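Presented below is the structure to which this report refers.
Lettering follows sequence order; numbering is per chain, from 1. Here the structure is a predicted model, which means the values were calculated and not measured.
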Amino acid sequence: MSHELSKTYDPGAIEARWAEHWVREKLFSVKTPEPGSETVPVFNLLLPPPNVTGSLHMGHMFEHTEMDIIIRWRRMRGFLTLWLPGTDHAGIATQLMVERQLATEGSSRQKLGREGFVARVWEWKKHYGGSILSQMKRLGDSVDWDREYFTLDENLSRCVTEVFVRLHEEGLIYRGKYIVNWCPRCMTAISDLEVTREEVAGKLYQIRYPLAEDPKKFVTVATTRPETMLGDTAVAVNPRDPRYTALIGKKVILPLLERQIPIIADDFADPQFGSGAVKITPAHDPNDFQVGLRHSLPRINVMDDEARINENGGPYQGLDRMAAREKIIRDLEQRGLFAGTKDHTSAIGRCARCNTIVEPRLSMQWFVAVKKQPAKGGMTLAEAASRAVSEGHIRITPENYKTIYLQWMENIYDWCISRQLWWGHRIPAWHCGDCQETTVAREAPQKCAHCGSSRLEQETDVLDTWFSSALLPFTTLGWPQATRDLQVFYPTSLLITGFDILFFWMARMIMMGCHFMSPPHRPGLPEGVRPTGSDCLRESVPFREVYIHALVRDADRQKMSKTKGNVVDPIAITEKFGTDAVRFTLASMASPGTDVAFNESRTEGYRAFANKIWNAARFMFMNLDRVGGSLTAGASPEAMQRLENRWIYSRFYRVAGQVNASLSDYRFDEAANTVYQFFWAEFCDWYLEIIKPALSGPQDEARAALAVLGNVFEGALRLLSPFMPFITEEIWHAMYEGKPPAKSIALARFPELDKKRLNDEAEEQMTVLQDLIVNIRNIRAEMKIEPKAKTPAKIHGGADVQHLIQENRGMVERLASVNGIEFVSESLAQDAGARTTPKFEVAVVYEQKVDAAADRDRRTKELKKLEGQLANAQRQLGNEQFLSKAPAKVVDGLRKQEVELKNLIGRIRAALDNLG
RNA sequence: GGGCGGUUAGCUCAGUUGGUUAGAGCGCGUGCCUUACAAGCACGAGGUCGAAGGUUCGAGCCCUUCACCGCCCACCA
């Protein structure tokens, strides 16, 4: 029989099969809708492209789980959903990886030459790249595999060139010698963002610079990097510093190199700091560079690409910067020009990729001007990006990231986009060997645009990896052509990403999106309907919403890192517990603003949950086999006569509403917990237990019960499907015995709140019955009544309660192990072990003696608690202010509570008195 | 130097616009192989919500200060 499930839940046996099936059947491929079919709402999500060198780590799995839940949910809610996958060529990371590989072969990129090396990287990519994609397939990410891209694909590369050229035409890209962060190991410039700062307890070295006119006198300067003194071209003092005013314009002798350099006046020198005089090295410090500009100072670069002292360093040429530092200090000491050190903590910068200390260094680079107005007018990149968020065209969740983003955008500097690498998008610029000018063009030009010379050589630098990824929201949709995709799917709906690439990627996408998807760059806009200002931003933003997720840490809240050896491998954990269980773990722990401390015991618990679902399904199928009928017939009017059915439907539709609401707010944890609670506690523990007698009753009754069971179960599967796509798919197909109404449960409809199906009365009544049953179980446990022994129960309560219990007598007797209920008119409070609640009193008839002392203790404790509550209620009710200021609802509630409490307390007190 | 977040049960975390008795999972204790599930079932114990003030009829929630932990951003030599 096709609906047979194996006796034990084995995720390994079902997951791989469905994962392959979904890909093979192109289940999640999206056809571009024809013009005129815009009635379907669109939901588009761009996958943050993983590095092509990467393999899946827990952070990915977390992020992907969130994205997949959202996209599956939206899809099931009837949206046309596009989730576009791809990988990033990851310039530095990939180049480093292949270089390492070459090193083991005794080769190097220099030996291979540029072309050979790039070919080798492609070769590497073909064999090893994108392993993360197959891992994504195994996890069931419901992306559109037909649209997979790689950032170095030809079409995307053309877009990169196009964007570069256009920015250059607008005057927003320039080339020049500026101080950049230089990594001597990667031998490339890196952007400010790629530098990680580290507080280090270091030294401040104090050096004496003798005055030229009187070498016995000197000015003392301080530095954290003594070796840079070789490039000093001035000493600056504050013009208002009385100690130095007389010296301004005079010269000092730069020790060791014996060069004369001027003493200049500049506000940059802070009289409060150190001696008040500061050495100026325009080629190795951004501040000094600015001072140098103001005073037209020479800029002497004293280091080569590997941070060794170059020919400008005289006798120190060839030394590594650190070796040079030591030697310089020794030499200064010998000459009596070293004035000692002071402890000083400073933030040194390290290369985010290889951890080498970066060197601020003057070099020729390309930059994007983010605060400059485009030649043809319009907003600066930074202004557009700022306003897109501050004016609410992009909503950021959690909200506090909005402030962080806006502050960053406020203080942003020009973006250094050139990298001295070989792997990446080569900059489309050609330098002329004759006039030295540069020509920027879409295709390799034949002649220099400036002098007509044909001695042209292409720029050797490539672009920062983030330059191309900043464009993905529109380049993946066919820009610069006016494609249908661009029209339908831009802007994307949502970006889900971690805060670690907030600035690297999100901010840059906003800058580029707002610029290039506005006039005059946006394709397909008819003349005359070009929006402006805020309207324009609304249409040009790369995404409407951003959800920033937290970090996945290990169970001890430590950052996962290879060096610490605490990395949890998602594939291994998935194989152990099943993808569904891992996904559910991550979802249930994804509360906004809090890092996820990944704990295997949680996953173990959710595997148990999957097992629960599995066994509930087996229970259902077992009954189907026995009584026949249909799982998909739906509830009959007769079935709805029964309280448990009215109740479970009401609960189901209420829970559906809650899950939808939670997902709308990206509260994955809330959504997951709600559905977990519903399925396990309400559906399995109560509902299934209640209907067991009906299922083994007369055939028509059994079939009616089964129909409701199947109906609710099927709905629950759809509710669970975005969280646990595999197990729900498996069971769902089994329910339809090979003839499902859709190719996949992922294409079925997600349950929604249906107010007509809610039944407050049924829910209240079930609550009373559950309360009664739990109380009886409780008494039985306390009396140590053997689980198998059934006992009569006595109940005292109002007519409505009596009626309710009478109607559902079978349920109560069965679930509470009771064999007979007697309704009594007098209070039961004095019966041994009796329970007293506002709605009823209940006692169990059992000959065995109760532990009288324990019984007393329990009641005394309860009494005390109730008395505390009563005192509190009465205190408030006696307060004029409370009565006049608190809302009527609260006051009434408290009054009602007071009456109830008095009643309860009276009865319990009487019972205690009687018990002696 | 700026800015942000956290502190609630043994552990990991929820706690809606302040409102009547602060919740969940795991763990723990007791008892159960009850014909879907021992990856299970039933029952239970466990919290003066980091500290001190303040606002309010009423504070886990709002305000102030402090303590501890964590993160981000910063061109003071």
Side-chain angles (χ1 to χ4, degrees), chain A residues 5 7-9 179 192 197 204 221-225 228 236 268-270 272-275 277-281 285-290 344 346-347 360 398 400-401 403-404 407-408 411 413 499-500 502-503 551 555 557 577 588-589 591 593-599 601-602 604-623 665 667 669-670 673 676-677 684-685 688-689 692 696 774 777-782 784 786-788 815 817 865-866 868-869 872-873 875-876 879-887 889-898 901:
Chain A
L5 298 181
K7 186 148 195 303
T8 52
Y9 165 62
I179 301 282
D192 293 341
R197 298 279 162 185
L204 199 56
V221 297
T223 179
T224 51
R225 295 184 294 153
T228 62
F268 167 67
D270 176 3
Q272 307 301 316
F273 189 91
S275 65
V278 53
K279 64 191 270 307
I280 301 298
T281 324
D285 184 281
N287 283 313
D288 295 6
F289 179 80
Q290 293 301 326
H344 184 256
S346 59
N400 59 308
Y401 286 105
T403 321
I404 296 173
Q407 278 172 3
W408 186 80
N411 303 319
Y413 290 87
F499 66 84
D500 49 332
L502 202 70
F503 307 129
L551 230 59
R557 308 198 59 76
F577 297 107
S588 72
M589 296 183 86
S591 6
T594 312
D595 286 343
V596 173
F598 188 84
N599 200 325
S601 72
R602 273 297 273 270
E604 223 174 295
Y606 291 119
R607 179 186 55 179
F609 179 50
N611 186 52
K612 190 78 182 172
I613 299 169
W614 187 260
N615 281 299
R618 285 183 54 231
F619 173 75
M620 174 173 70
F621 290 132
M622 189 191 83
N623 281 285
D665 293 337
R667 287 303 303 265
D669 58 328
E670 224 173 63
N673 291 332
Y676 175 94
Q677 194 64 24
C684 290
D685 288 348
L688 289 187
E689 291 305 324
K692 274 179 181 174
S696 49
V774 169
R777 286 169 175 168
N778 187 309
I779 298 170
R780 288 172 50 90
E782 186 181 86
K784 299 200 190 331
E786 272 184 47
K788 278 179 187 158
L815 297 185
S817 300
K865 187 173 139 201
L866 293 173
Q869 282 172 31
N872 190 39
R875 185 176 50 74
Q876 287 193 73
N879 187 324
E880 284 295 322
Q881 301 264 35
F882 172 73
L883 294 177
S884 59
K885 286 185 183 172
K889 204 178 77 184
V890 176
V891 177
D892 288 351
L894 206 59
R895 285 225 167 88
K896 214 180 269 174
Q897 194 203 9
E898 187 198 15
L901 283 169

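Residue-to-nucleotide proximity on RNA chain B shows that, of A:R777 and A:R875, the 5′-proximal contact is made by A:R777. Of the two residues near RNA chain B, A:T8 and A:R225, the one whose nearest nucleotide lies more 5' is A:T8.
Annotation: cation-pi pair A:K612/A:Y676 absent, no NZ/CZ under 6.0 Å from the ring centroid and within 45° of its normal.
In this structure, the side chains of A:F882 and A:L894 come closer than 4.5 Å at one or more pairs of heavy atoms. Residues A:V891 and A:L883 meet the side-chain proximity criterion, which asks for heavy atoms closer than 4.5 Å. You'll find the side chain of A:V221 stays beyond 4.5 Å of the side chain of A:V278, heavy atoms only.
For A:Q407, counting side-chain heavy atoms from C-beta on, the closest listed nucleotide (B:rG3, B:rU56, B:rU12) is B:rG3. With distances taken from any side-chain atom of A:N611 to the nucleotides B:rG19, B:rA39, B:rU21, the minimum falls on B:rA39. Comparing atom distances between the A:R607 side chain and each of B:rA39, B:rC41, B:rA36 picks out B:rA39 as nearest. Checked against B:rC43, B:rC57, B:rC26, the side chain of A:N778 finds its nearest nucleotide in B:rC43. Nearest nucleotide to the side chain of A:A781, out of B:rC43, B:rC26, B:rG15: B:rC43. Relative to the side chain of A:V278, the nucleotides B:rC26, B:rA36, B:rA77 differ in distance, and B:rA77 lies closest. Among the nucleotides B:rA24, B:rA36, B:rA77, the one closest to any side-chain atom of A:F273 is B:rA77. Of the candidate nucleotides B:rA77, B:rG44, B:rU20, B:rU20 has the atom lying nearest to any side-chain atom of A:L894. Checked against B:rC37, B:rG15, B:rU12, the side chain of A:R667 finds its nearest nucleotide in B:rG15. Here the side chain of A:A608 is nearest to one of B:rA39, B:rA36, B:rG5, namely B:rA39.
Nucleotide B:rC26 is matched to B:rG10 when pairs are restricted to Watson-Crick or G-U wobble geometry with both distances under 3.5 angstrom. A 3.5 Å limit on both hydrogen-bonding distances identifies B:rC57 as the Watson-Crick or G-U partner of B:rG19. In this structure, B:rA51 and B:rU65 make a Watson-Crick or G-U wobble pair, each of the two defining distances being under 3.5 angstrom.
When rounded to the nearest whole Å, the span between OH of A:Y401 and P of B:rC71 equals 13 Å. When rounded to the nearest whole Å, the span between NZ of A:K692 and P of B:rC41 equals 11 Å. Distance, A:R618 CZ to B:rU35 C1': 11 Å, rounded to whole Å. Nucleotide B:rC26 holds its P atom 5 Å from the OH atom of A:Y676, rounded to whole Å. Between A:M589 atom CE and B:rA14 atom P there is a gap of 10 Å when expressed in whole angstrom units. For the pair A:W408 CH2 and B:rC72 P, the computed distance is 16 Å after rounding to whole Å.
Using a 4.0 Å heavy-atom cutoff across all strands shown, A:A269 reaches at least one base atom of the nucleic acid. Looking at heavy-atom distances under 4.0 Å, A:E604 makes no contact with the nucleic acid at all. Within 4.0 Å of A:N623, counting heavy atoms only, lies no atom of the nucleic acid at all. At a threshold of 4.0 angstrom between heavy atoms, the contacts of A:P887 include nucleobase atoms, whether or not backbone atoms are also involved. Residue contacts for A:R602: at a heavy-atom cut-off of 4.0 Å it reaches a base atom on one of the strands shown. If you check every strand for non-hydrogen atoms under 4.0 Å, A:G605 touches nothing. Within the nucleic acid shown, A:V596 has no heavy atom closer than 4.0 Å to any nucleic acid atom. Within 4.0 Å of A:N599, counting heavy atoms only, lies no atom of the nucleic acid at all. When heavy atoms are screened at a 4.0 angstrom cut-off, A:A873 is found touching no nucleic acid atom at all. Contact annotation for A:N872: backbone-only contact, meaning every heavy-atom pair under 4.0 Å involves sugar-phosphate atoms and none involves a base.
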Show the numbers, then the answer: is there a side-chain contact (heavy atoms from CB on, under 4.5 Å) between A:N615 and A:Y9?
CA-CA 8 Å; A:N615 281 299; A:Y9 165 62; 5.7 Å; no
Applying side-chain contact (heavy atoms from CB on, under 4.5 Å), run through A:L688 and A:M620 and close with a yes or a no.
CA-CA 9 Å; A:L688 289 187; A:M620 174 173 70; over 6 Å; no
Show your working on side-chain contact (heavy atoms from CB on, under 4.5 Å) between A:F577 and A:Y606 and close with a plain yes or no.
CA-CA 9 Å; A:F577 297 107; A:Y606 291 119; over 6 Å; no
